[in-house]
There are 2 protein chains.
Amino acid sequence: MGSNSRLAVAVHTAGILALRGRQPVTSDMVATSVGTNPVVVRRIIGCLVKSGIAEVRKGSGGGAFLTRPANAITIADIYAALGEDELFQVPSLGKEHECPIGRAVRPILHQLFSGAEEAMIGYLAGINLEDLIKMLGEDIPDGICGEISDD
Amino acid sequence: MGSNSRLAVAVHTAGILALRGRQPVTSDMVATSVGTNPVVVRRIIGCLVKSGIAEVRKGSGGGAFLTRPANAITIADIYAALGEDELFQVPSLGKEHECPIGRAVRPILHQLFSGAEEAMIGYLAGINLEDLIKMLGEDIPDGICGEISDD
DNA sequence: CATTGTGTAACTAAAGTGGTTACACACTTC
DNA sequence: GAAGTGTGTAACCACTTTAGTTACACAATG
C-alpha cells in the first residue's frame, strides 16, 4: 500500500482494549472489529506490548489488555509504539560530487522535518484513549461485533 | 521506497529557485544539486507550477523560477503542491459485517488524523523560503555545483 | 533552422503493507 | 498430564508507491 493504515489499526485496537478494561481480548475479536486478519492485529499488538502499553496472556481465556488506565495512554504513545520511520526522508547523497548547496541544505531539511513531526506528535500527545472513548459517545454498544458482552 | 523523499526534493528545489531569484534554473542543474535525475526534478517542478508557486520557460536559456518572493512561499505551500495523500489512512471496511465499534471508530479516527496533519501543516506554514535561506547561513556558495555563478 | 530544455510516456527495480496460511509454543483448564 | 486455546512468527503473494532511467515529441530561444 505504502499508505499507513497501521496507526488506524493500532488506535482502533487500543480503543477496544480500553473499552474492555482488564478483560483480555483475542486478536480474532479485534480483527473482526477492525475488518482485517488476526495476524495483522497480532503484529500491531506486538508493538504495543513491546512498548509496555499492553500485555498479553496466552492460552485459553487469554488475549491482550492494557497495562495502564485509558487516560494514561496517549495516541502519541501508540504512534511511538509502532516505531515508524520519519515522516519525511532526506535522501542521502554520494559523498563526493556534491553541490555545496546540497550539502548545506540537508541538515536544514532534517531540522525542518523533525520539527514538523514533533508538531504532529504534540497533537497526538494531547489526546488519550479515554478522550477517544468519550468521543465515541453514547452509541458504544456493549459488545464487540456482538460476540461477547461481558462475563 | 515507500518513504517520502519527495518533500525533501521539492523544498531543496524551491530553495535553489529562491536563491537564484528570477534567473531560470534548469532541471539538470537542480538534479545535480539534489543528486537525482532531471526527470524526477521535473516531476516535482511540475507540481510547483501546477499550484502557481513556480513558472517554467522552455527553450534555450529557459528553466524554472519562482512566481513570488521567497518570503511569500511557505513550506506548507510546497507540501500542498505535492498533493500527497493523507498522512494516515483509515482503511475502508466492507459494508455489512461490521462491528458497531468499528463503525463508530472510523469517523473519530478521521477527525484525529486530520487534526494531526493540520498540526504538522501548521508548523510548516510557519516557515517560508526566506527563513530557509537564512538558516543556510553564510556558507551559501555563489554557484550551484560550481556550474554557474551568475550572468 | 539548430539548439536547448521541458513534458511525458514507458519501463525497471526496490521497498513497504496487507493478507493469508501454517505451525510451534505457551498457558489455562479440566 | 492431556486437551484446548491463543499467541508469536515465519513464509509467501499481491499490490502500491517511489526513484531512476531512457526515449522522444514539442516548444521556445537565438
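First the proteins, then the strands, lettered A, B, ... as listed; each starts at 1. Given the structure is predicted, the values throughout are model-derived calculations rather than measurements.
Rounded to the nearest 0.5 Å, atoms CG (D85(B)) and CG (N4(B)) are 9.5 Å apart. How far CD1 of I108(B) is from CE of M135(A): 5.0 Å, rounded to the nearest 0.5 Å.
Within the 4.0 Å cut-off from OP1 or OP2 of dT17(C), at least one side-chain nitrogen or oxygen of N4(A) is found. For the OP1/OP2 pair of dG19(C) and a distance below 4.0 Å, the side-chain nitrogens and oxygens of T36(A) include at least one atom meeting the criterion. The phosphate of dT7(D) has OP1 or OP2 within less than 4.0 Å of a side-chain N or O from S27(A). Under 4.0 angstrom from either OP1 or OP2 of dA19(D) there lies at least one side-chain N or O belonging to S5(B). Under 4.0 angstrom from either OP1 or OP2 of dA19(D) there lies no side-chain N or O belonging to N37(B).
R6(A) places its CZ atom 14 Å from the C1' atom of dG19(C), with the value rounded to the nearest Å. Rounded to an integer number of Å, the gap from L87(B) CG to dT17(C) P is 13 Å. Distance R42(A) CZ to dA24(C) P: 15 Å, rounded to the nearest Å. In this structure, CZ of R57(B) is placed 13 Å from C1' of dG30(D), rounded to the nearest angstrom. Atom CG of D85(A) is separated from atom C1' of dG16(C) by 9 Å (rounded to the nearest Å). The separation between I44(A) atom CD1 and dT9(D) atom P is 14 Å, rounded to whole Å. Remark: P of dT18(D) and CD of Q89(A) are 13 Å apart, rounded to the nearest angstrom. Taking atom CZ of residue F65(B) and atom C1' of nucleotide dG5(C), one finds them 14 Å apart after rounding to whole Å.
Ring pair F88(B)/F113(B) is tilted by interplanar angle, where 30° to 60° counts as tilted.
Across every non-hydrogen atom of L112(B) and Y123(A), the tightest pair is O-CE2, 3.5 Å. A pairwise comparison of heavy atoms in S27(B) and R42(B) identifies OG-NE, 3.1 Å as the closest pair.
Nearest-nucleotide assignment on DNA chain D puts the 5′-proximal partner with A64(A), out of A64(A) and V40(B). The residue among V39(A) and G59(A) whose nearest nucleotide of DNA chain D lies closer to the 5′ end is G59(A).
Nearest to the side-chain atoms of K58(A) among the listed nucleotides dC27(C), dT6(C), dA22(C) stands dC27(C).
Interface remark: the R43(A) side chain does form a donor-acceptor pair with the dG19(C) base, using a distance-only criterion of under 3.5 Å.
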